[in-house]
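Quick notes on the structure that follows.
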Amino acid sequence: QVQLVESGGGSVLAGGSLRLSCAVSGYTGSSYCMGWFRQASGKEREGVAAIYTGSVGYIRYADSVKGRFTISQDNAKNMLYLQMTSLKPEDTAMYYCAAQTRPCAPVLARDAYKYWGQGTQVTVSS
């Protein structure tokens with residue numbers, strides 16, 4: 001059973017940075033699709049970034065975070081990261097790590113993901 005555990009959330013002032021981490025367990029092999037999603041209060045859960053861990057370059061970002069957020073993985077440590085910079089108040093949300101089953105594609109569609117973490121809260125104040 002795949003398990004995902006996020007960490008690294010917190011409160012930060014606008015313009016600040018945070019790095020979210022997701023510990024992955026139960027996944028055999030090193031090539032899989034993972035993503036970061038977020039859900040603000042009263043809004044739908046939306047895809048932020050996605051990555052295919054087997055190949056460099058298969059990464060996608062939501063337009064709202066391009067140039068500010070960076071998704072990366074460390075296969076040796078079974079970790080997924082989301083480096084967030086130039087944070088804005090509208091980035092405030094619960095952030096979730098998610099993983100697909102195989103075969104997969106690094107998409108930002110929520111329905112493509114089967115496994116989800118419990119979430120970590122990010123709060124950006126102005």
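From a predicted model like this one, the values you see are computed outputs, not experimental measurements.
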Nearest-0.5 Å distance that lies between atom [atom1] in [X] and atom [atom2] in [Y]:
X      : Y      : atom1 : atom2 : answer
Ile71  : Cys97  : CD1   : SG    : 8.0 Å
Ser86  : Phe69  : OG    : CZ    : 9.0 Å
Lys77  : Ser21  : NZ    : OG    : 10.0 Å
Met79  : Ser7   : CE    : OG    : 5.5 Å
Thr101 : Tyr113 : OG1   : OH    : 11.0 Å
Gln3   : Gln118 : CD    : CD    : 10.5 Å

Search all heavy atoms of [X] against all heavy atoms of [Y] and return the closest pair with its distance.
X     : Y      : value
Cys33 : Ala105 : SG-N, 3.3 Å
Tyr32 : Asn75  : OH-OD1, 4.4 Å
Met84 : Val122 : CE-CG2, 3.8 Å
Gln39 : Lys43  : NE2-O, 3.1 Å
Pro89 : Ala14  : CD-CB, 4.1 Å
Ala62 : Gly47  : CB-O, 3.4 Å

In terms of side-chain geometry, is the basic nitrogen of Arg110 or Glu46 positioned less than 4.0 Å from the acidic oxygen of its partner?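 No, this pair does not count.
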
Side-chain ion pair, Asp91 and Lys88, N-O less than 4.0 Å: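 Salt bridge between Asp91 and Lys88, a charged N being under 4.0 Å from a carboxylate O: no.
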
Does atom CD of Glu44 have more than 12 heavy-atom neighbours from other groups under 6.0 Å away?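 Counting other residues, nucleotides and ligands, CD of Glu44 stays at 12 neighbours or fewer.
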
Applying side chain to side chain contact (heavy atoms under 4.5 Å, CB included) between Leu18 and each of Thr85, Leu82, Val12, report the one that passes.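 The single option meeting the side chain to side chain contact (heavy atoms under 4.5 Å, CB included) with Leu18 is Val12.
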
Tell me every residue that passes ring-ring contact (aromatic ring centres under 6.0 Å, His included) with Tyr95, counting only those two or more places apart in sequence or in another chain.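 Counting only residues at least two positions away or on another chain, Tyr95 forms no ring-ring contact (aromatic ring centres under 6.0 Å, His included).
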
Quick check: do [X] and [Y] have side-chain heavy atoms less than 4.5 Å from each other?
X      : Y      : result
Ser125 : Leu13  : yes
Tyr96  : Glu6   : yes
Asn78  : Tyr27  : no
Leu80  : Trp36  : yes
Gln100 : Val107 : yes
Arg68  : Ser17  : no

Cation-aromatic face contact Arg19/Tyr81, 6.0 Å, 45 degrees: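 Yes, Arg19 lies over the aromatic ring of Tyr81.
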
Would a single hydrophobic cluster contain both Leu108 and Met34, if residues Ile, Leu, Val, Met, Phe, Trp and Tyr are joined by side-chain heavy-atom contacts under 4.5 Å?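 In one cluster with Met34: Leu108, no.
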
Assert yes or no for the condition that the ring centre distance of Trp116 to Phe37 is strictly below 6.0 Å.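 Centroid distance Trp116-Phe37: below 6.0 Å, so yes.
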
Quick check against the 3.5 Å criterion: does Arg45 have a side-chain atom that pairs as donor or acceptor with the backbone of Ala40?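 The answer is no, because no donor-acceptor pair under 3.5 Å joins these two groups.
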
With a 3.5 Å distance limit and no angle check, can you tell me whether Thr120 reaches the backbone of Gly9 through a side-chain donor-acceptor pair?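 A pair under 3.5 Å: yes.
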
CA sep, side-chain torsions, deciding dist, call: Ile59, Tyr61, side-chain contact (heavy atoms from CB on, under 4.5 Å): CA-CA 7 Å; Ile59 291 176; Tyr61 294 101; 3.3 Å; yes

From CA spacing to verdict: side-chain contact (heavy atoms from CB on, under 4.5 Å), Gln83, Ser72: CA-CA 8 Å; Gln83 179 68 49; Ser72 63; over 6 Å; no

Steps toward side-chain contact (heavy atoms from CB on, under 4.5 Å) verdict (Arg38, Ser64): CA-CA 12 Å; Arg38 66 186 181 187; Ser64 59; 3.4 Å; yes

